[in-house]
Colleague: 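Starting off with a structure, shown below.
Quick note: numbers below take in every heavy atom, side chains included, and nothing from hydrogens, waters or symmetry partners.
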Number of protein chains: 2
Amino acid sequence: MQCEPHQIDKHKKKMMAVQDSMDVLSGKWKISIISSICYYNKRRFSDILNDVDGISNRMLSKELKELEINQLVKRTVLDTHPVTVEYELTEHGLTLKTIINNLTDWGMEHRKKIIGV
Amino acid sequence: MQCEPHQIDKHKKKMMAVQDSMDVLSGKWKISIISSICYYNKRRFSDILNDVDGISNRMLSKELKELEINQLVKRTVLDTHPVTVEYELTEHGLTLKTIINNLTDWGMEHRKKIIGV
DNA sequence: CAGGATCCTATACGATACTG
DNA sequence: CAGTATCGTATAGGATCCTG
């Protein structure tokens, strides 16, 4: 593919941007966790544990912490007995909604196409 | 969150769909590889090796094979000396374009917001 | 050039048990 | 309930060398 130099730069910039996204979102669980919180608006630890098929509490705890650090998720401790913790998306986290929806749609199509046949 | 039973089922279905997508796309490299091919339309092995920052030939080879199996990528051996191999997205792979674009945009925003500040 | 083979390491992840 | 601690395994992944 022949490209003008500034075209090539554009491609590189875009590749970098994708990498930046993936640095935050990649891993086996992150997207699923975000989806869970996103679809239910607010979600407790044990609920997410149930939503995300196969995840262990250790992993969930670790991943949520990372998402919090990256300011995608907000953690609220409720004053109940025993303690309850609620997770919700931050405003920045909410900007992922489009991507979640796209991945949901694509997953359904993919299942039809490849798995379902 | 109180939901009607059929609402809950909807959420579960969506969660499953996201999982299906991630089964194919997750991992450190897949999305970047697809982006590279997507942005350039056709791309040779060594080009992708250059586009995707930090990937080793071993990994690239492995990931491309998986993408081929999942029918996202088409591999064409060109009759040159020495051999050249071109990769392009299949029609099914092209349906990921929206997601790639969204991830690109989101990555740029995220950089501004978190990394760049 | 494209990629396979080999070897090795890091870390991602799971299972289980424990605590405020 | 929402985690943390500990331990063990599996896999992801890097480096290097080799070949048609």
Colleague: In whole angstroms, how far is the C1' atom of C:dA2 from the CG atom of B:Leu60?
Modeller: 10 Å

Colleague: With a 4.0 Å limit, can you tell me whether B:Arg75 has a side-chain N or O closer than that to the phosphate oxygens OP1/OP2 of C:dG3?
Modeller: yes

Colleague: Do the ring planes of B:His92 and A:Trp106 sit parallel (below 30°), tilted (30 to 60°) or perpendicular (above 60°)?
Modeller: parallel

Colleague: For residues A:Asn70 and A:Glu66, is any side-chain donor paired with an opposing acceptor at under 3.5 Å?
Modeller: no

Colleague: Report the distance from atom CD of A:Glu63 to atom C1' of D:dG3, rounded to the nearest whole Å.
Modeller: 15 Å

Colleague: Rounded off to whole Å, could you give me the CZ-to-C1' distance for the B:Arg43 and C:dA2 pair?
Modeller: 15 Å

Colleague: Between atom CE in A:Met59 and atom C1' in D:dA2, what is the gap in whole Å?
Modeller: 16 Å

Colleague: Could B:Lys65 and B:Glu68 be called an ion pair, given the rule that one side-chain N must be under 4.0 Å from one carboxylate O?
Modeller: no

Colleague: May I have the distance from A:Glu86 (atom CD) to D:dG3 (atom P), rounded to whole angstrom?
Modeller: 12 Å

Colleague: For A:Lys28 and C:dG14, is the shortest distance between a side-chain N/O and OP1 or OP2 below 4.0 Å?
Modeller: yes

Colleague: Both A:Val83 and A:Gly54 contact DNA chain C. Which one's nearest nucleotide lies toward the 5' end?
Modeller: A:Gly54

Colleague: Check the hydrophobic clustering (I, L, V, M, F, W, Y; side-chain heavy atoms under 4.5 Å; chains of links allowed) and say if A:Tyr87 and A:Ile69 are grouped together.
Modeller: no

Colleague: Given C:dG4, is OP1 or OP2 found less than 4.0 Å from the side-chain N or O atoms of B:Ser61?
Modeller: yes

Colleague: Answer yes or no: does a side-chain N or O of A:Tyr87 lie under 4.0 Å from OP1 or OP2 of D:dG3?
Modeller: yes

Colleague: Within the structure, does a side-chain N or O atom of B:Ser56 lie under 4.0 Å from either OP1 or OP2 of D:dA15?
Modeller: no

Colleague: In whole angstroms, how far is the P atom of D:dA12 from the CG atom of B:Asn57?
Modeller: 17 Å

Colleague: When you check the phosphate oxygens OP1 and OP2 of C:dG4, does a side-chain N or O of B:Lys65 lie under 4.0 Å from one of them?
Modeller: yes

Colleague: Would you kindly give the CZ-to-P distance between A:Arg58 and D:dG8, to the nearest whole Å?
Modeller: 14 Å

Colleague: Just how far, in rounded Å, is C1' of D:dG13 from CD1 of B:Ile55?
Modeller: 10 Å

Colleague: For D:dC1, does OP1 or OP2 lie under 4.0 Å from any side-chain N or O of A:Thr84?
Modeller: no

Colleague: Which of these nucleotides, C:dG3, C:dC13, D:dC1, is closest to any side-chain atom of B:Phe45?
Modeller: C:dG3

Colleague: In terms of hydrophobic clusters joined by side-chain contacts under 4.5 Å, are A:Leu103 and B:Leu94 together?
Modeller: yes

